Amino acid sequence: MINYLNLLNNQQKLAVTTTEGPLQVLAGAGSGKTKVLTSRIVHLIEQKKCFGQQILCVTFTNKAANEMRDRVNKLINSRSIAFPWLGTFHSICNKMLRKNAEAVNLKPNFTIIDTLDQIKLIKNILESENIDIKKNPPKQIAYYIDQWKNKAQLPDDVNIKNQDFHLTNSLKVYKIYQKRLLVMNCVDFGDLILHVVTILKKFKDIKQLYQKNFKYILVDEFQDTNFIQNLWLKLLITEKNNICVVGDDDQSIYSWRGAEVKNILNFKDDFKNLKSIKLEQNYRSTENIINSATSLISNNEDRLEKNIWSDLGLGEKVKIKSYFDGISEAVGVSDIIEQVLSKKYKLSEISVLVRAAFQTREFEERFIKIGLPYKLIGGLKFYERSEIKDALCYLRLINQSSDDISYERIINNPRRSIGNSSLKKIHNFARSREISLFDASQEILKENILKPKTIHNLKSFLIHMISWKKKSENDDHVSLLETVLDESGYTLMLKNEKTPEADSKLENLKELKTSMKGYASLSEFLENISLQTSIDEDWDGEKINIMTIHSAKGLEFDTVFLPGWEEGLFPHPKSIEDRGTEGVEEERRLAYVAITRAKKELYISFANQRKFYGRQNDNYDLYTSISSRFINEIDDKFTEISIDENQADEFVFDQDFNSNSKNSPGWNRLKNNYNNQHNKKEKNIKTITFTENFTNFTVGETVVHSGFGTGKIIHIDGNKLLINFDDQGEKKVIDKFVSKTANE
DNA sequence: TAACAACGCTTTTTT
DNA sequence: AGCGTTGTTA
């Protein structure tokens, strides 16, 4: 047995041994938060305060949960102890809901739908309710529904002020949405916790069962919990109030998901006798890094003061670099990695953290080009890829035939000549009888509704489904998938395509089979795959990590690159637009999280111009950027700035750029800085002229269209050409559909 | 029903 | 630019 207490400093020790009553640990970045939580669990077990299954410990990601489980068992070092209630909010709620599904009229084998399914379902509802899809974007409705669920509001609890048109429609959809989910025996992410809260509120005996079991509650990343998660905790806690929350208000970055910083700021109001401990010594980063982070975050008003310090030495200064554009930024970063860092650090200890996912592309392209191994964390999740999703929907439907969303996805995939019109008929049939699409398919065959060809195909699909279902009861799930993919014709369809994309899809499906082997049953596999978090995927191998700052929360690396620190990107204008100063403060916390991921070396950079929307070459959509206000907020005692003079001479200011931010403090400051620095005033400032027509064609030119033949261009509007065709007369055509005639 | 043309949205962050 | 959706036509 390792003496875990000897490994702790005084405050950490206090946080571990104060087991009774409510405790709040304000843990600065890198101050040994996980160490405290794991040691605390060990302490509870060693002091025989409780058993492993009596600890409820909530983390933010599965990765964090697994890591804690490992570390605890390493410290205990004897037998392996089970901690069934150590996990994410969602995975724990999943477990509780499977056990008590009937209490909210679900069956225990319910399916968890993802965001894409959610949108699909909302679209269906809009269609059947005749609500205008253009005026009520499904994405926005999904967002409202999520927000209501985050506030623990069922449709009947929602109050709409001012008769807001969108909210009223969204609420109408919400009502139907919940009913449809129930009929399909499906839940969305929000439901996992909402249903459990409903059960705990409604059934005292169930609540008491859990309360009696959970002797101690621990919560990680408490600053990012939202209202319903807090409510859930309060429902599970007993009068003893043995709850320990660990968090850092400076790292609260999920307000858009309903997270409320006030949960941690006002925690003292919820619990009298609250003990509060601050962990202020940072064991992760060098002083220059920590001091940079501290000087930045001190610009925030509303925070619990902490005094983070490090004794790991000054270390390297934080390097701030300017690049000509996004591409040279990627080149610059890769050069530093190749020439300097790869000789000192493992590639897996290097990471590139970006504000928005689209920034990853330039880095990917560059790394591929020069052969630096990298991995992209987050992004399009493996199980969201279309072929994987198709395969999963087959399995989901086999597992649970009332899953209409899956049915719709696969019924005509591969093509079975059961198109939209037939599907609509099945849909109406199902709705009129209040049965699932799958059941409706069986019933509708008896009626004379579908065309003979459709009937034949539908019949053969159903026969397959029934035989797969039978197989799923006897055989293992891996061979089931193989059979399904073969017999459905899915594999054949991909093989016939003979494209590189189809080949990689087949590869991915193979990978899916491999990953299925790790699970005991089909249902266990389906549950787990839908609760996976973005950073749960592979962490093996010597590869540079590329991910968003949000995904990087809780992680650390020897060296970190933070590209794209520009006004207009970071702080993100949407965030400012939505929530003003509060938005900027959250962006600043995000910047704080980003900086404090670095242990030894940190590179911050900005590009003087950046491409948006993938367009290239032409001037018309090149956004000129200026460095982020956050760069100026970092005390320059800790930084080393290098702006390439040659690049600075190319510095282009676009006077017409984004008039909203033109007058922002950051813009003016940077402009002044720039002018002072060069002492040349307006001389270097060029204006980009917007060319009205940006197609390669000119009026009067003769062109060819594959359908309309040859014609003469009579007018150009952007990329739209008005052409007088020899045979067809005047037509408006987009330039990419015509080509120049050969003789020109 | 399938194939093609045209359009329009994307890019803030995610369990 | 690239993709998914919508609309039109065979």
Side-chain angles (χ1 to χ4, degrees), chain A residues 58-65 87-94 112 114-116 119 123 133-134 137-139 142-143 146 149-150 188-193 221 224-226 228-229 252-259 353-361 377-379 381 384 386 412 415-423 451 453-454 457 530-536 547-553 564 568-579 583 586-587 589-590 593-594 610-618 621 623 705-708 719-720 731-738:
Chain A
V58 202
T59 62
F60 227 68
T61 62
N62 295 309
K63 181 172 182 283
T88 63
F89 278 102
H90 290 86
S91 67
I92 292 171
C93 285
N94 173 49
I112 303 167
D114 66 19
T115 318
L116 293 167
I119 302 282
K123 272 186 192 162
I133 196 158
K134 291 240 165 68
K139 244 187 171 171
Y143 176 76
D146 271 351
K149 289 186 176 178
N150 286 336
D188 65 16
F189 287 128
D191 280 340
L192 283 171
I193 186 157
E221 308 275 14
D224 283 322
T225 57
N226 59 31
I228 195 167
Q229 291 166 335
S252 169
I253 55 176
Y254 280 102
S255 73
W256 47 275
R257 211 167 66 189
L353 309 181
V354 296
R355 173 64 184 85
F358 78 94
Q359 291 172 262
T360 59
R361 224 173 108 178
I377 290 143
K381 285 177 209 150
E384 280 172 357
S386 69
N412 203 29
R415 295 261 140 83
R416 296 188 179 88
S417 284
I418 306 174
N420 274 338
S421 61
S422 307
L423 185 59
K451 287 187 203 146
K453 191 182 163 200
T454 312
N457 289 335
S530 46
L531 290 174
Q532 244 176 44
T533 53
S534 61
I535 64 162
D536 293 340
M547 69 190 97
T548 63
I549 303 171
H550 281 88
S551 305
K553 194 172 75 146
L569 181 56
F570 195 26
H572 200 283
K574 274 261 167 61
S575 178
I576 304 173
E577 212 175 283
D578 292 351
R579 293 195 321 290
E586 177 149 322
E587 294 286 303
R589 292 193 291 270
L590 194 55
V593 169
R610 187 169 294 281
K611 272 179 278 176
F612 279 72
Y613 295 23
R615 289 182 195 159
Q616 293 183 23
N617 304 324
D618 298 304
D621 223 7
Y623 282 65
H705 184 273
S706 61
F708 305 139
N719 62 344
K720 295 183 193 83
K731 286 201 188 295
K732 245 189 189 175
V733 176
I734 287 188
D735 62 355
K736 68 178 171 186
F737 289 106
V738 300

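Lettering follows sequence order; numbering is per chain, from 1. All of these numbers come straight from a predicted model, not from anything done at the bench.
Comparing B/dA3, B/dT15, B/dT13 by their closest approach to the side chain of A/T88 singles out B/dT15. Looking at the side chain of A/R257, the nearest of the listed nucleotides B/dT12, B/dT14, B/dT1 is B/dT14. Out of B/dT12, B/dT14, B/dT11, the shortest distance to the side chain of A/K139 is found at B/dT11. Checked against B/dT14, B/dA2, B/dT13, the side chain of A/A356 finds its nearest nucleotide in B/dT13. Residue A/K574 places its side chain closer to B/dT11 than to any other of B/dT15, B/dT13, B/dT11.
In this structure, the CD1 atom of A/I253 is 9 Å from the P atom of B/dT14, given to the nearest Å. Between the CG atom of A/L569 and the C1' atom of B/dT12 there is a distance of 9 Å, rounded to whole Å. Taking atom CD1 of residue A/I549 and atom P of nucleotide B/dT12, one finds them 15 Å apart after rounding to whole Å. As rounded to whole Å, 13 Å separates atom C1' of B/dT11 from atom CD of A/E577. Between the NZ atom of A/K123 and the P atom of B/dC9 there is a distance of 13 Å, given to the nearest Å. Distance CD1 (A/I133) to P (C/dG4): 16 Å, rounded to an integer number of Å. Atom CG of A/L353 is separated from atom P of B/dT12 by 19 Å (rounded to the nearest Å). Following rounding to the nearest Å, A/R361 (CZ) and C/dA1 (P) show an atom-to-atom distance of 11 Å.
Evaluation of A/F60 against the base of B/dT15 yields no stacking contact (centre distance < 5.5 Å, interplanar angle < 30° required). B/dT12 has its base stacked against the ring of A/H572, the centroids being under 5.5 angstrom apart at an interplanar angle below 30°.
In this structure, CG in A/D146 is found 9.5 Å from CG in A/D191, a value given to the nearest 0.5 Å.
Put simply, the side chain of A/D224 never gets that close to the backbone of A/A259: no donor and acceptor are under 3.5 Å apart. Checked by atom type and distance alone, the side chain of A/Q359 pairs as donor or acceptor with a backbone atom of A/A356 at under 3.5 Å.
Checking the phosphate oxygens (OP1, OP2) of B/dT1, a side-chain nitrogen or oxygen of A/S422 falls inside 4.0 Å. Taking side-chain N and O atoms only, A/S421 has a distance below 4.0 Å to OP1 or OP2 of B/dT1. Contact annotation: A/S575 side-chain N/O to B/dT13 OP1/OP2 distance is not under 4.0 Å. Within the 4.0 Å cut-off from OP1 or OP2 of B/dT14, at least one side-chain nitrogen or oxygen of A/T548 is found.
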### Message
Could you walk me through whether A/E586 and A/R589 satisfy the salt bridge (charged side-chain N to carboxylate O under 4.0 Å, His left out) test, starting with their C-alpha distance in whole Å, then the side-chain angles of each, then the deciding distance to 0.1 Å, before giving a yes or no?
### Response
CA-CA 5 Å; A/E586 177 149 322; A/R589 292 193 291 270; 3.3 Å; yes

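Residue contacts shown for A/I119 are absent, as no nucleic acid heavy atom lies under 4.0 Å away. Across all strands, A/D578 comes closer than 4.0 Å to base atoms (heavy-atom distances).
Toward the 5' end of DNA chain B, the nearer of the two residues A/K134 and A/Y254, judged by each one's closest nucleotide, is A/K134. Take the nearest nucleotide of DNA chain B for A/E587 and for A/R416: the residue whose nucleotide is more 5' is A/R416.
Scanning all heavy atoms of the two residues, the minimum distance from A/T59 to A/A65 falls at OG1-CB, 3.5 Å.
Ring planes of A/H550 and A/Y254: perpendicular class, angle over 60° (limits at 30 and 60°).
Taking atom C1' on both C/dG2 and B/dT13, the two are 23 Å apart, rounded to the nearest angstrom.
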